[in-house]
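Input: a single structure, listed below in structure tokens.
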Amino acid sequence: MSTLVWFDGEIRAAHEPVVTALDRGLLVGDGVFDTCVVVGGRPFALRRHLARLVRSAQLVGLPEPPVDLITEAALELAARLDGPTGRLRITWTAGPSAGGPGRGDGPATLLLTAQSETVLHPAPGTDPARARTAVVVVPWVRNENSPLVGAKSTSYAENVLAIEYARRHGGTEAVLANTRGELCEGAASNVFVELGGELLTPPLSAGCLAGVTRELVLEWGTAAGLPVREATVPLGTFRSAAHAAVTSATRGIVPVDVLDGRELRPGPLTARMQAVFAERAVQDLDP
Ligand SMILES: Cc1ncc(COP(=O)(O)O)c(C=O)c1O
């Protein structure tokens, strides 16, 4: 696995220091980011990920990220990776601090990192190496009224703690409800559940991130005639579901095989959706 860093117009080695010790992204998690998968040396769905980065920045009041510059840097980094698959992350922070918790008026910080990773799915939507996931519902909730809802914020510690909780309880992904007791999302994924012959995912009003993979599943699934839609799902209903899946850019569509210690079989709609996703994704790398 190799890591490349893009900062200030140049590709650098991973160990080279780039941001200052005063960067607000580092000090107070004041920044946004986005991550996409690299397939065949090209970032997948880059335009959608950049559109979300812009939305994230708007939501938290950061300046608008320079999309053209980021696109150029992302394409260059992805092409320079030493393997065909990997992940590419764009980080945009509030820049150097003026001291104290409030923002200064310094320039924002832009940083891109790319890592080659052979375990990533060769075609988005399919993940033979990480074909299943054990999920654990954590005791904390997502606040659907938080000012960070909808933003992919570098204030990620709640997700880190949720994943650590899941790991201590034998899982690989954590699932959170919201304050209303509805299914919300995974710590780093969106959640789908098969109920009554439909593939359902919570609406954005549940407080979940607008996942790019979730969006493509809804669009491509509907276009293929699959019964997939947004719906409010009580957490208790999710807990007793027969089939569920999580989605993310780096994992694709992954059936849940263990839910809070209970074994699940991959659902038939999930399998059909994986096939549709894999087929559409190879037709267009930037859908
Ligand atoms: C909290 C959260 N929800 C959902 C997702 C899935 O989004 P995407 O499909 O764009 O990777 C992520 C991705 O990391 C995430 O961090």
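Order of appearance sets the numbers: ligands from 1, and atoms from 1 within every ligand.
For ligand 1, the polar-atom distance check finds no N/O of Thr247 at less than 3.5 Å from any of the ligand's N/O atoms. Checked by distance only, ligand 1 and Thr250 stay at 3.5 Å or farther apart across all their nitrogen or oxygen atoms. Ligand 1 has an N or O atom lying under 3.5 Å from an N or O atom of Ala249, backbone or side chain. For ligand 1, none of its N or O atoms has an N or O atom of Ala210 under 3.5 Å away. The shortest N/O to N/O separation between Lys152 and ligand 1 falls below 3.5 Å.
Protein heavy atom at the shortest distance from atom 7 (O) of ligand 1 is Gly211 CA, 3.3 Å. Here the heavy atom of the protein found nearest to atom 6 (C) of ligand 1 is Asn190 OD1, 3.6 Å. In terms of protein heavy atoms, atom 1 (C) of ligand 1 is closest to Ala187 O, 3.3 Å. Looking from atom 9 (O) of ligand 1 to the surrounding protein, the closest heavy atom is Thr213 OG1, 2.6 Å. In terms of protein heavy-atom proximity, atom 2 (C) of ligand 1 is nearest to Glu185 OE1, 3.5 Å. Given atom 16 (O) of ligand 1, the protein heavy atom at minimum distance is Tyr156 OH, 2.5 Å.
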Problem set entry | Residues Val38, Thr85; criterion side-chain contact (heavy atoms from CB on, under 4.5 Å); working and verdict | CA-CA 5 Å; Val38 175; Thr85 58; over 6 Å; no

Problem set entry | Verdict with reasoning, Glu144 to Thr179, per side-chain hydrogen bond (donor to acceptor under 3.5 Å, both in side chains) | CA-CA 7 Å; Glu144 70 280 6; Thr179 68; 2.6 Å; yes

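In this structure, Glu158 does not count as a contact residue of ligand 1, since none of its heavy atoms falls inside 4.0 Å of the ligand.
Atom CZ of Arg167 is surrounded by 12 or fewer heavy atoms from other residues, nucleotides or ligands within 6.0 Å. Environment of CD in Gln283: crowded, with over 12 heavy atoms of neighbouring residues, nucleotides or ligands closer than 6.0 Å. A 6.0 Å sphere centred on CD of Glu215 holds more than 12 heavy atoms belonging to other residues, nucleotides or ligands.
Contact check on Arg214 versus Glu185 returns no salt bridge, with no Lys/Arg side-chain nitrogen under 4.0 Å from an Asp/Glu carboxylate oxygen.
With sequence neighbours excluded, the residues that form a ring-ring contact (aromatic ring centres under 6.0 Å, His included) with Phe33 are Tyr156.
Under the 3.5 Å distance criterion, the side-chain polar atoms of His243 are matched with a main-chain donor or acceptor of Arg265. At distances below 3.5 Å, not a single donor-acceptor pair connects side-chain atoms of Glu182 with backbone N or O atoms of Leu235.
Listed by atom number, the atoms of ligand 1 under 4.0 Å from Arg142 heavy atoms are 1 (C). Counting atoms of ligand 1 from 1 in the listed order, those under 4.0 Å from a heavy atom of Arg52 are 7 (O), 8 (P), 10 (O). Listed by number with element, the atoms of ligand 1 under 4.0 Å from a non-hydrogen atom of Ser248 are 9 (O), 11 (O). Near Ser189, the atoms of ligand 1 lying under 4.0 angstrom from a non-hydrogen atom of the residue are 2 (C), 3 (N), 4 (C), 5 (C), 6 (C), 12 (C), 15 (C).
Each of Arg52, Lys152, Arg55, Arg89 was checked for a side-chain hydrogen bond (donor to acceptor under 3.5 Å, both in side chains) with Asp34, and the lone residue meeting it is Arg52.
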